[in-house]
Colleague: 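Dumping the structure here so I can ask a few things about it.
So that the names make sense, note that chain A is the first sequence line, chain B the second, and so on, each numbered from 1. Keep in mind that this is a model prediction, so the values were computed, not measured.
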Amino acid sequence: MRLFDLRLIIAFLFGLYGVVLVVVGVGFTSDDDLRKAEGVNINLWAGVAMVVLAAVFAAWATLRPQFTKPATTGDDLGKQG
Amino acid sequence: MRVLAEADLRLDAGPIDYALLVIYFVVVLGIGVMARRSVSSSLDFLLSGRSLPAWVTGLAFISANLGALELMGMTANGAQYGMATVHYYWIGAIPAMVFLGLVMMPFYYGSKVRSVPEFMLRRFGKPAHLVNAISFAVAQILIAGINLFALAVIIDALLGWPLPVSIVVAAMVVLAYTALGGLSAAIYNEVLQFFVIVAALAPLTIVGLIKVGGWQGLVEKVTDQEQLSAWPATELTGLDSPVWSVVGLVFGLGFVLSFGYWTTNFAEVQRAMSAKSMSAAKRTPIIGAYPKALIPAIIIIPGIIAAVIVPEMAQLKAGDTSSGVVYNNVLPLLMRDLLPNGILGIAITGLLASFMAGVAANVSSFNTVFTYDLWQDYIKKDRPDEYYLRVGRLATVGACVLAIGTAFIAAALGGSNIMDYIQALFSFFNAPLFATFIVGMFWKRMTPTAGWVGLLAGTFTAMFVYAISEPSFGIKWLELPGQGASFLGAGLAFAVDVVVSVAVSLVTRPKPDSELVGLVYSLTPKEDRSHSTTGEDAGWYRSPALLGGGVLALTTVLYVIFG
C-alpha cells in the first residue's frame, strides 16, 4: 500500500496557518486584541511557532523520503506483503 | 451539556476565524480523497494495509481518545478538583499503555487477527466472539451518536448553528472522509487533529499563565491550596479516608478501569494493529504515552487558571451558581476571555476537529468489526475480497446514518445524563474483557465455555453494582459518591470474571494446544513474540522496552515534582 506522506500535509496546513497568523499578528492586531491577551501578540508568536513546526516536518520529509512500508516486505513476520 | 446553552458562551468569531476553520475542513476532505487512491483491498480500507509508521499510529492512538469528553471533561475536572486530575493521565493511562505495548501487542499483532473480537474468536470460539463483537458494535454506534450530539451542542453554543444542522453536517464530513479513505484517512486526520489541539491549547495556557502572574502567581492565587497537590485526591474519589482514596485510585482507576479500557478497546487497539511491523505495533501505545504524560500541562493547568481568572468560574467555585455557568464551560470561557481573532479560529477548529475525530474513531472501528467479525464470519463467508471492501464502505455509510439517529435520540433524552449512563455502562464491558483476555493469554487451560460465561458474569456484576449505587435508579443499597462506585464496580467485575473463568475451566474441556499457538504465552515460540531489530526497526531508540521504561520514569519524575 502506497500512502501519500502525512508529513507534507502537516507542513502544508501549519505553513498556511502560520503565515496567516503572522500576517494577522503584524498587520491587523488592535489594542483590544492585545489587551485581551495581556499585552502578548499571541497571533504573531503562535504563527511563528507554526511556521517552525511546518519547516521541521518539511525538512524531515525531504531528508527521509521513505514514509510507509516499502513494497518489498520489511515485515518482521514475513506473512504480510 | 444542556446547561451549556443557558450561559452565554457565544464567541466573537470573525471572518478570519471562519476562514481558518474552512481551510481545515478542505484539508480533511482532501485527505479522504487522496487516501482513496491507495485503497485496493479490504485490509487497506479497514486496517491501512498494516503499513503505517509508529509515530503516526502512536499519535493517532492518543488522539482517538482526545475527543469531546476528554477535552471538556478534563479541563472541567482541572477547574473543579485541581491537580488531582493528573491521575487520569499518569496513573490512569500510562502504565496500561506500556503494558499493552510490551505484553499484549505480541499476541494481537503476532497472531495477525484483524480486530479484538477476532482474537476472542481464535482463543475462545464463537459464543465469546459474538458477545464481544455485538456489544462492541452497538456501543460504538451509541457513543458515535452521543459524540455527534455533544459536538452539535458546542457548535450551537459557540457559533449559534441549530442542532439538527450541525449533527447532519458533522456526520456527513466524517462519512465523506472515512468512506473514501477508510482507516488511513481517519488516522491521518487524528494526527492532524493532535497538532491542531496542541496549537490551540498551548497559546491558551501561555496567555493564561502570563495573566495570572506565572506559575508562582497561580500557586498564590489558588483559593484551596490542597488542590495543588495530586494526592490523596479524596474529592475526586469521593472517599473520605485518604488511605482508601489512594487504594481506590491505584487499584480502581490505575489497574482495572484503565487496563480494561486501553488494552481491550478496539477503537484504540486498531491503531496499533495498523502499524507496519511488530516493532512499530509494540511502540504505538508507548510512543503515544509520551504526549499523554505531558498533555495535562495544556489541559489541566488551563482549568486551574480558569478557576482563578474567569469571574463566572471563580463564583461557581465559591458556591455561587447564579451565572448559569458549569464546569464543562471552562474551555469556551477561556477562549472567549483570552484569545483574539485569528488564534481563536485555530482554537475553534481544534475543538471541532477533536469532536469529529472521536466520531471517526467510533465509525472506523465499527466498520471493521461489522465487516470482518459479523458479516464475514456469520452472514456471507468466502466471498472475494472486493466484496468485503464494498461491505466495509457500506458499513461506514450505515454507521454514520445510525449515528445521526442515535444523536437525535440523545438530544430527545436530554444530553449529559444519558451520555454519563452509556459511558458508565460500556466501561463495564471493559473490565471483564480485560480479565478474560489476561487469564486466556497466560493460562492455556482456560476453556471456550469459560470465555463467554466469565465475560457475562463479569458484565452482570458490574451492571448490578451500578444499579444499586446510581442514585437516580432509587435502589440505593450502596452509597458511594464521586468515582467510588465505578472503581468498585469495575474491580468486582474483574474479580468475578477471574473466579468464574477459573471455576468453569476446571469442569469443561480446553482447546487442544495446537489451536492455541500464537494466542497463549506458553505455547507461542519466542521468535513469534519478538520483533525484528533490523532495517526500519533498528536502533536502541526504537526498542519498545527502553521506550516503555523511559515513559514510566518520566511519569514518576512528574509525580515527584507536581504530585
Colleague: Of the backbone (N, CA, C, O) and the side chain (C-beta and beyond), which part of B:Ser41 lies under 4.5 Å from a heavy atom of chain A, both, or neither?
Modeller: neither
Colleague: Answer with side chain, backbone, both or neither: which region of B:Leu338 has an atom nearer than 4.5 Å to a non-hydrogen atom of chain A?
Modeller: both
Colleague: Between B:Tyr188 and A:Phe4, what is the ring plane arrangement, given parallel below 30°, perpendicular above 60°, and tilted in between?
Modeller: perpendicular
Colleague: Please identify, among A:Trp45, A:Phe28, A:Phe57, the residue contributing the most non-hydrogen atom pairs under 4.5 Å to chain B.
Modeller: A:Phe57
Colleague: Could you walk me through whether B:Phe195 and A:Tyr17 satisfy the ring pair (Phe, Tyr, Trp, His ring centres under 6.0 Å) test, starting with their C-alpha distance in whole Å, then the side-chain angles of each, then the deciding distance to 0.1 Å, before giving a yes or no?
Modeller: CA-CA 12 Å; B:Phe195 287 107; A:Tyr17 272 3; over 10 Å; no
Colleague: Between CG of A:Asn43 and CG of B:Asn341, what distance do you get to the nearest 0.5 Å?
Modeller: 8.0 Å
Colleague: Would you name the heavy atoms of A:Leu21 and B:Gly342 that are closest together and state the gap between them?
Modeller: CD2-C, 3.5 Å
Colleague: Heavy atoms only, distances under 4.5 angstrom: which of A:Ile10, A:Val24, A:Leu16 has the most pairs with chain B? Name it, please.
Modeller: A:Ile10
Colleague: In Å and rounded to the nearest 0.5 Å, what is the CD1 to CD1 distance from A:Ile9 to B:Ile31?
Modeller: 4.5 Å
Colleague: If you count every heavy atom of other residues, nucleotides or ligands that lies below 6.0 Å from A:Phe12 atom CZ, does the total exceed 12?
Modeller: no
Colleague: Name the member of A:Ile42, A:Val20, A:Leu53 that forms the most heavy-atom pairs with chain B at distances under 4.5 Å.
Modeller: A:Ile42
